[in-house]
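Scroll down for the structure; my scribbles are underneath it.
Positions are given from 1, in the same order as the sequence printed here. Just the heavy atoms: all of them, side chains too, but no hydrogens, waters or symmetry mates, feed the values below.
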Amino acid sequence: MTDLLFNLIYVLLFPGLLFCVVMGVLLAGLDRIWVARMQRRVGPPLLQGWYDFLKCCGKETIIPRHGKKAIYYGAPLLGFVALITISLFLPVVNGQAAFSGTADLVVILYLLTLVSVCMIVGASATGSPFAGVGLSREMVAMISYELPFVLVILTVSKAVLAAGDGASYTFSLQAIADYQAANGPLITHWALIPAAIAMLFVIPCEVGMHPFDVSEAETEICEGTLAEYSGPPLALYRLTHMVKMFIMTALFCVLFLGGISTGFVVLDTLILIVFCLVLTFLTMSLPHAVCARFKTEQVFQFYWTVVAGLAAVSLILVWLGF
């Protein structure tokens, strides 16, 4: 009974559904405020993202004539559930995760891909030409950031060997957290700094933030993948976008900033929140304010050359024992 209660708390409250939603709304609100200030605008209230979510929930859902109803409703729900599931693999409570195994990073990689695939499938179910252009761009963006993301995962996994099992790699987030608790954050290891920089570039494209939001370019393709979405399904997509801001920044903290712990859940959570705020500003707000939107081919070229090159450099250094 006690284990069941703790599992429910993990899934529904912390670090699961409620905590992720609160953090996602907070980061999205601060991001919009920071961008507005850097562009000399007043900006919206901190909770504007939550107000938009509630407003969409109260609107009518209009499904296109040739749309597939089951996919139209199911795609955003499945994507949101997959994203919340990722939070249960992150060891943010006293260095422990709700779910832990030997292939956490592989599962997270698949779940993040599933979130993007759900958006693509949902867009295809609307039958809109604008959504068709958007989903093709979303697929290009996925191909672009997946390569450096995988190289970053391999680099971290190679740097942190599973204790005593003779493996060449470890894909367990718990093992990565334990290693950093004993040896310090991985970002302090000079060979892993290029991989950390590559991960910083992966975050905004994975989240779909400007200047990498090629699939939802409002001025070009009328919201692209979300052009025909309305009502609660659109609200769920918007909430997924906000929560993903927290998931990706928290994942960076686990991979490269682990080991910074006081032993108190509240203080550790506050430290995580501060790190996520700083990462949100550096990886999403600042580029949004100062950069024009990339073209689709520019996104692909940038990630397969510069970002993948940085991750590959770290992987080679780690493989050579540095």
Whether [X] side chain and [Y] backbone form a donor-acceptor pair below 3.5 Å:
| X | Y | answer |
| --- | --- | --- |
| Asp31 | Leu27 | no |
| Trp304 | Ile143 | yes |
| Asp104 | Leu173 | yes |
| Lys244 | Glu206 | yes |
| Ser124 | Val121 | yes |
| Thr225 | Leu135 | no |
| Gln180 | Leu186 | yes |
| Tyr229 | Ile63 | no |
| Tyr145 | Ile203 | no |
| Thr126 | Ala123 | yes |

Using the six-membered ring wherever Trp is involved, compare the ring planes of Phe302 and Phe294 and label them parallel, tilted or perpendicular (cut-offs 30° and 60°). perpendicular
Parallel, tilted or perpendicular: which fits the ring planes of His288 and His210, with parallel below 30° and perpendicular above 60°? tilted
Close side-chain approach of [X] to [Y], heavy-atom, < 4.5 Å:
| X | Y | result |
| --- | --- | --- |
| Thr240 | Pro76 | no |
| Leu83 | Leu111 | no |
| Val150 | Leu109 | yes |
| Leu277 | Ile273 | yes |
| Val207 | Asp213 | no |
| Phe53 | Arg238 | no |
| Met209 | Thr283 | no |
| Phe246 | Cys276 | yes |

With rounding to the nearest 0.5 angstrom, report the [atom1] to [atom2] distance, [X] to [Y].
| X | Y | atom1 | atom2 | answer |
| --- | --- | --- | --- | --- |
| Leu315 | Thr155 | CG | OG1 | 4.0 Å |
| Ser144 | Glu138 | OG | CD | 10.0 Å |
| Met23 | Leu272 | CE | CG | 6.5 Å |
| Met284 | Leu200 | CE | CG | 10.0 Å |
| Met199 | Leu192 | CE | CG | 13.0 Å |
| Thr188 | Leu257 | OG1 | CG | 9.5 Å |

Walk me through whether Leu17 and Val21 qualify under side chain to side chain contact (heavy atoms under 4.5 Å, CB included). CA-CA 6 Å; Leu17 178 62; Val21 170; 4.0 Å; yes
What do the steps show when you test Leu77 against Tyr73 for side chain to side chain contact (heavy atoms under 4.5 Å, CB included), and what is the final call? CA-CA 7 Å; Leu77 179 60; Tyr73 282 106; over 6 Å; no
Would Glu60 and Ser230 count as a side-chain hydrogen bond (donor to acceptor under 3.5 Å, both in side chains) here? Give the steps. CA-CA 7 Å; Glu60 180 184 2; Ser230 59; over 6 Å; no
Please report the closest heavy-atom contact between [X] and [Y], naming both atoms and the distance.
| X | Y | value |
| --- | --- | --- |
| Met142 | Glu146 | O-CG, 2.8 Å |
| Gly79 | Val115 | O-CG2, 3.5 Å |
| Ser285 | Trp34 | OG-CE3, 3.4 Å |
| Ser314 | Ala191 | OG-O, 2.6 Å |
| Gly43 | Ala36 | CA-CB, 3.4 Å |
| Met38 | Ala289 | CE-CB, 3.7 Å |

Are more than 12 heavy atoms, taken from residues, nucleotides or ligands other than Gln301, located less than 6.0 Å from that residue's CD atom? no
Please evaluate residues Val299 and Lys295 with respect to the criterion side chain to side chain contact (heavy atoms under 4.5 Å, CB included), reporting the C-alpha separation (whole Å), side-chain torsions for both, the decisive distance (0.1 Å), and the verdict. CA-CA 6 Å; Val299 172; Lys295 295 180 181 179; over 6 Å; no
Is it true that [X] and [Y] fall in one hydrophobic cluster, defined by side-chain heavy atoms closer than 4.5 Å?
| X | Y | value |
| --- | --- | --- |
| Trp190 | Val313 | yes |
| Tyr72 | Ile62 | no |
| Leu26 | Val35 | no |
| Val106 | Phe89 | yes |

From Phe201, Phe212, Phe149, residue fulfilling ring-ring contact (aromatic ring centres under 6.0 Å, His included) relative to Tyr303: Phe212
Would Val25 and Val243 count as a side chain to side chain contact (heavy atoms under 4.5 Å, CB included) if you check the C-alpha gap in whole Å, the side-chain angles of each, and the deciding distance to 0.1 Å? CA-CA 7 Å; Val25 172; Val243 172; over 6 Å; no
NZ/NE/NH1/NH2 to OD/OE distance under 4.0 Å, Arg32 and Asp52: yes
Aromatic centroids of Phe80 and Tyr237 separated by under 6.0 Å: no
